[in-house]
Amino acid sequence: MQWNAVPDSIRQEIEDTRAVPLIYVLGIIISLAHVYFNIFADIAVLQQNILHFAGFILLCGLLKPLSSQRHLAILDKLWVLAIAFSAIYLLFAEDLIYERGVRLVPLDWLCGSLVILGAIDMTRRATGWVIPILIVTAISYLAWWGNFVPGVFQFKGLSLETLLFRSIYGDDAIFGNIARISASFVFMFILFGAFLLRSGAGDFVIHLSKSIASRLVGGPGIVAIIASGLTGTISGSAVANTASTGVVTIPLMKNAGFSPRFAAAVEASASTGGQIVPPIMGAGAFVMASYTQIPYSTIVMVSILPAILYFASLVFYVRTESYKAGLTRTMEQAPPLLPMVMREGLSFIVPVTLLIVLLVMGYTPTYAAVIAIIAVIVSSWFTPNKMGLAAIADAFALGSRNMVVTAVLLCSVGLIVNVIATAGIGNTFSLMITEWSGGSLLVALLLVAVASLVLGMGLPVTASYIVLATLSAPALLQLMANVELVNALSSGALSADVQAILMLVGVSPEQGAMSVAQAQALINDMPDEMMALLRPMLLDENQLSMLLLAAHLVIFWLSQDSNVTPPVCLCTFTAAAIAKSPPMATGFTSWKIAKGLYIIPILFAYTPLAQGDWLAAFQVFIFALPGLYAFTLVMQGWQKRQLKHWERAALAAIALVLLSPVPMAWQVAALVSLLVAVFYIGHSGKRASEWRLS
């Protein structure tokens, strides 16, 4: 295996892992164990989850020691071992606890407490103080201070014995559903990404991006967008994506003439978008599949067009900025596309294509990931970067190392989700969103966006999505379903059963089809019992399922915004450090460039973009693409020349129509208007330039 095909950041990680043989060997063992659990073994889910937790607690303790002082280091290692062995003890203690009528003995108390304290400590080491504080706050709410909270959030409390048992063995607890997702889907795809990176795929992505974008206006910026998007499909982390591709793409953009601030903002926005690119989409997509019970392949398929829209919006910003700064020259010395793909790209293109095909055919994600890993190894033998036993071992060790933070986080966040489920906070919070929004879906979206930003300041994206989905998904689903109910009621094609229910609330069939306003007022005033009867009559099960998916996609996308939105935006800060630009100013620029993270969730909520109907979704896509372009021109105030105020106002109106669920005739008229406006602005800019030259 040639080291020069592996990006510097990945090479450094592997060398750091090799430098400590215990970490290297433990990483290989953990990866092999997970492959065995997921493909060959037939073991209970609890067993797999506990072994997953114990293995990554050991690895986290070694990678992030408490102290380098000898005596403290020894105590720290003993502490980490105590956590891991306590978890394994709880695996064997479950049946005994049930035999005693769910009564805990002192050893159960000790081991259970050690596991929870250990999860808090390791999460602090891996992600900082925010999640540990949330865990302590949540657990103490169930045990103590919830009884003193006035109003709807009051909770009478649980006994410490019941609390400890539920925190360990509950379906949503530390060894519950989220840990299962971490131990299966998430780990196997992180491992697949590690094999791709070790095979030299990261270097190939940069070369491929240069070949595609070299002759386009703003080519270096477009290289960053393509490279970060493709790398995001295999890295699983927006910050890691920024660090690995940014060291190449940010200097490339700066050398081409882009300002350091803009170059860093583009890289951060594109790397954040890597988490929404199918087929992997970060850890959140696997959690989404578990929460919604919608096949992972369906989530991947409906996410293709939205991902294209987001990255197209970034390209629009780069090209507009290129014209604005006078950077119209193309890149030089770009490698020829076809020879480069045939020489270097087989170990990337073949496995990723095979993975997508297997998912579409209905194979489980874990099985598809294992086959794709084998495909990486085999296809690398037909490239200059052949993977031998040493490279395969490196990939196994790298996969475990890359999974440490995610594994510890996903297991530990189960403690928070368990509290939300036990106390019914999710239902209460959803009812509050519905009440505060006054039945308005748009206001509810704004509330969720604000909540995601606040949560994202302290939580990683996956944790933010999990918490926010648990709290607000039911409210969003109800409001989105109400929009569909209004459309159905105003259509006039109502069955006899629906008409009978409407008669109970004073709506006579002789009144004819009601207007949208009348239907909305009826839905707002209808009792919950009537709504429960009416909803399944007007919306079929598949429609409700896809609305649920759309609601979760709204939350998933909004959860990404914390990466690029001040005051805490880790992706942007990472990119700013590479570009040597002011962090906060870069943050505001990336916030502007990544506006697709806010616009596209609105399309999820109001249009069929993510509701499984490809024809309807493509229609939304066709008009949303120029709508995002018009929106970019408005935000930049430039299109080959500076725009006048009235031109920006006209383009804003055009963008609003193209991005709204209005009749198609309106959107066609807006599209024609946009074409005329772009031609007029470009032609007038050319004439002005010629006049200045003369």
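Starting from 1, each residue takes its place in the sequence as its number. Everything numeric here is computed off the predicted structure, so don't read it as measured data.
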Scan [options] and name whichever one has a side chain to side chain contact (heavy atoms under 4.5 Å, CB included) with [X].
X: Val417; options: Ile174, Thr422, Asp172, Asn177; value: Asp172
X: Thr123; options: Val130, Ile131, Val413; value: Ile131
X: Ile466; options: Leu410, Leu471, Ile181; value: Leu410
X: Leu453; options: Asp561, Val448, Leu558; value: Asp561

[atom1] of [X] to [atom2] of [Y]: how many Å apart, nearest 0.5 Å?
X: Met546; Y: Thr298; atom1: CE; atom2: OG1; value: 6.5 Å
X: Thr406; Y: Ile190; atom1: OG1; atom2: CD1; value: 5.5 Å
X: Thr364; Y: Leu358; atom1: OG1; atom2: CG; value: 9.5 Å
X: Leu447; Y: Met432; atom1: CG; atom2: CE; value: 10.0 Å
X: Leu479; Y: Leu445; atom1: CG; atom2: CG; value: 8.5 Å

Of all heavy-atom pairs between [X] and [Y], which one has the smallest distance, and what is that distance?
X: Ala550; Y: Phe604; value: CB-O, 3.8 Å
X: Ala312; Y: Leu625; value: CB-CD1, 3.5 Å
X: Val657; Y: Ala670; value: CG1-CB, 3.7 Å

Is the number of heavy atoms from other residues, nucleotides or ligands within 6.0 Å of [atom1] ([X]) greater than 12?
X: Phe618; atom1: CZ; value: no
X: Trp614; atom1: CH2; value: yes
X: Tyr606; atom1: OH; value: yes
X: Leu615; atom1: CG; value: no

Quick one: do the Ser440 and Ser437 side chains pair a donor with an acceptor below 3.5 Å?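 No, Ser437 and Ser440 have no side-chain donor paired with an acceptor closer than 3.5 Å.
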Under 3.5 Å, is there a donor-acceptor pair between the Thr470 and Tyr465 side chains?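 Result is no, nothing qualifies.
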Which class fits the ring pair Tyr141 and Trp145: parallel under 30°, tilted 30 to 60°, perpendicular over 60°?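 Tyr141 and Trp145: perpendicular rings.
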Are Phe286 and Tyr296, when compared by the centres of their aromatic rings, separated by less than 6.0 Å?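 Yes, they do, as the ring centres are separated by less than 6.0 Å.
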Step through it carefully: locate the ring centre of Tyr169, locate the ring centre of Phe175, and say whether they are under 6.0 Å apart.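 Not close enough - the centres of the two rings lie 6.0 Å or further apart.
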Any sub-3.5 Å donor-acceptor pair from [X]'s side-chain atoms to [Y]'s backbone N or O?
X: Ser452; Y: Ala449; value: yes
X: Ser673; Y: Ala669; value: yes
X: Ser490; Y: Asn487; value: yes
X: Gln560; Y: Phe556; value: yes
X: Gln667; Y: Pro663; value: no
X: Thr137; Y: Ile133; value: yes
X: Asn38; Y: Ala183; value: yes
X: Ser590; Y: Val564; value: yes
X: Asn49; Y: Gly176; value: yes
X: Ser313; Y: Tyr310; value: yes

Does Gln48 form a side chain to side chain contact (heavy atoms under 4.5 Å, CB included) with Arg180? I'd like the steps, not just the answer. CA-CA 8 Å; Gln48 179 174 339; Arg180 174 183 58 81; over 6 Å; no
Between Cys411 and Ile178, does the side chain to side chain contact (heavy atoms under 4.5 Å, CB included) criterion hold? Intermediate values first, please. CA-CA 6 Å; Cys411 290; Ile178 300 176; over 6 Å; no
Check the pair Met188 / Tyr367 against side chain to side chain contact (heavy atoms under 4.5 Å, CB included), numbers first and verdict last. CA-CA 9 Å; Met188 294 308 298; Tyr367 178 82; over 6 Å; no
With ring pair (Phe, Tyr, Trp, His ring centres under 6.0 Å) as the test, would you mind laying out the steps for Phe148 and Phe155 before giving the verdict? CA-CA 8 Å; Phe148 301 101; Phe155 186 75; over 10 Å; no
Would you check, one step at a time, whether the test side-chain hydrogen bond (donor to acceptor under 3.5 Å, both in side chains) holds for Thr162 with Ser159? CA-CA 5 Å; Thr162 302; Ser159 69; 2.9 Å; yes
CA sep, side-chain torsions, deciding dist, call: Leu549, Val302, side chain to side chain contact (heavy atoms under 4.5 Å, CB included): CA-CA 9 Å; Leu549 173 57; Val302 302; 3.7 Å; yes
